[in-house]
Amino acid sequence: GAGVSQTPSNKVTEKGKYVELRCDPISGHTALYWYRQSLGQGPEFLIYFQGTGAADDSGLPNDRFFAVRPEGSVSTLKIQRTERGDSAVYLCASSPKTSGVLSGANVLTFGAGSRLTVL
Amino acid sequence: DAKTTQPNSMESNEEEPVHLPCNHSTISGTDYIHWYRQLPSQGPEYVIHGLTSNVNNRMASLAIAEDRKSSTLILHRATLRDAAVYYCILNAWTSGSRLTFGEGTQLTVNP
């Protein structure tokens, strides 16, 4: 597609439930990023993939959060046993392959986000 | 990751130029300076980036200090649609373009 697509746009769930959020990146972009944004704050990095593998998952807050990208395209962020503090907008971004010194010039394209509300 | 400092908020009038400052005194030689903006209820949107020289594109201009410890995003004629949070971010090649966002500058544009 022309942009990064995220589904669902809104998700309301109950505390303790399992949630999946999907990201469909720009075709051909090998790098994919997940961020979380709480109200009034800047986006907070969670994890990024280079192809199918997680190149950096240092931002995942705990083991309830997990993300996969099995075929190097679509990615799913999975949250187990949701808590009220997980309520936020979850943003996905993609970019062309990143490597080498010039990768500092790499530009990310973000989706509109998935708003998660845990009651 | 090298840190950036921006004012929390700024205000401008429509059709006037806006200069959004950013300090990044700990920038390293290979860090690129990026600007993104976020309109209400949308994901961040790329605006412009540069390394050492000033840059212009259809959205804005980026002026980079000679010592690279600060930069300024310039919107030449602000419109109401430019009202957004503007983020100044250093993109280090060692981070795999994992951008670290601060709280940004909330720009208000008055009609």
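In what follows, chains carry the letters A, B, and so on, assigned in the order in which the sequence lines appear, proteins first and then strands, with residues in each chain numbered from 1.
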Q: Can you see which heavy atom on G43(B) is nearest to which on L91(A), and at what distance?
A: CA-CD2, 3.9 Å
(Q) Between Y33(A) (side chain only) and L99(B) (backbone N and O only), is there a donor and an acceptor less than 3.5 Å apart? (A) no
(Q) Surrounding CG of N8(B) (heavy atoms of other residues, nucleotides or ligands, distance under 6.0 Å), is the total greater than 12? (A) no
Q. Where does S58(A) contact chain B at under 4.5 Å (heavy atoms): side chain, backbone, both or neither?
A. side chain
(Q) Are there over 12 heavy-atom neighbours, none belonging to L39(A), within less than 6.0 Å of that residue's CG? (A) no
(Q) Counting neighbours of CZ on R64(A) that are heavy atoms of other residues, nucleotides or ligands and sit closer than 6.0 Å, is the number greater than 12? (A) yes
Q.
Both conditions, 6.0 Å and 45 degrees, for the charged tip of R98(B) above the ring of Y48(A): are they met here?
A. no
Q. In terms of heavy-atom pairs under 4.5 Å with chain B, which of P43(A), G40(A), A55(A), A112(A) leads?
A. P43(A)
Q: Verify the neighbour count for atom CZ of R68(B): are there more than 12 heavy atoms of other residues, nucleotides or ligands below 6.0 Å?
A: yes
Q: Let me know if Q38(B) has heavy atoms under 4.5 Å from chain A in its side chain, its backbone, both or neither.
A: side chain
Q. How close do Y87(B) and Q37(A) get, heavy atom to heavy atom, and via which atoms?
A. OH-NE2, 3.5 Å
Q: Say whether Y46(B) and W34(A) are linked into one hydrophobic cluster, either directly or through other cluster members, by side-chain heavy-atom distances under 4.5 angstrom.
A: no
Q: Give the member of Q106(B), E103(B), H49(B) that has the highest number of heavy-atom pairs under 4.5 Å with chain A.
A: H49(B)
Q. Any chance OH of Y18(A) has more than 12 other-residue heavy atoms, nucleotides or ligands included, within less than 6.0 Å?
A. yes
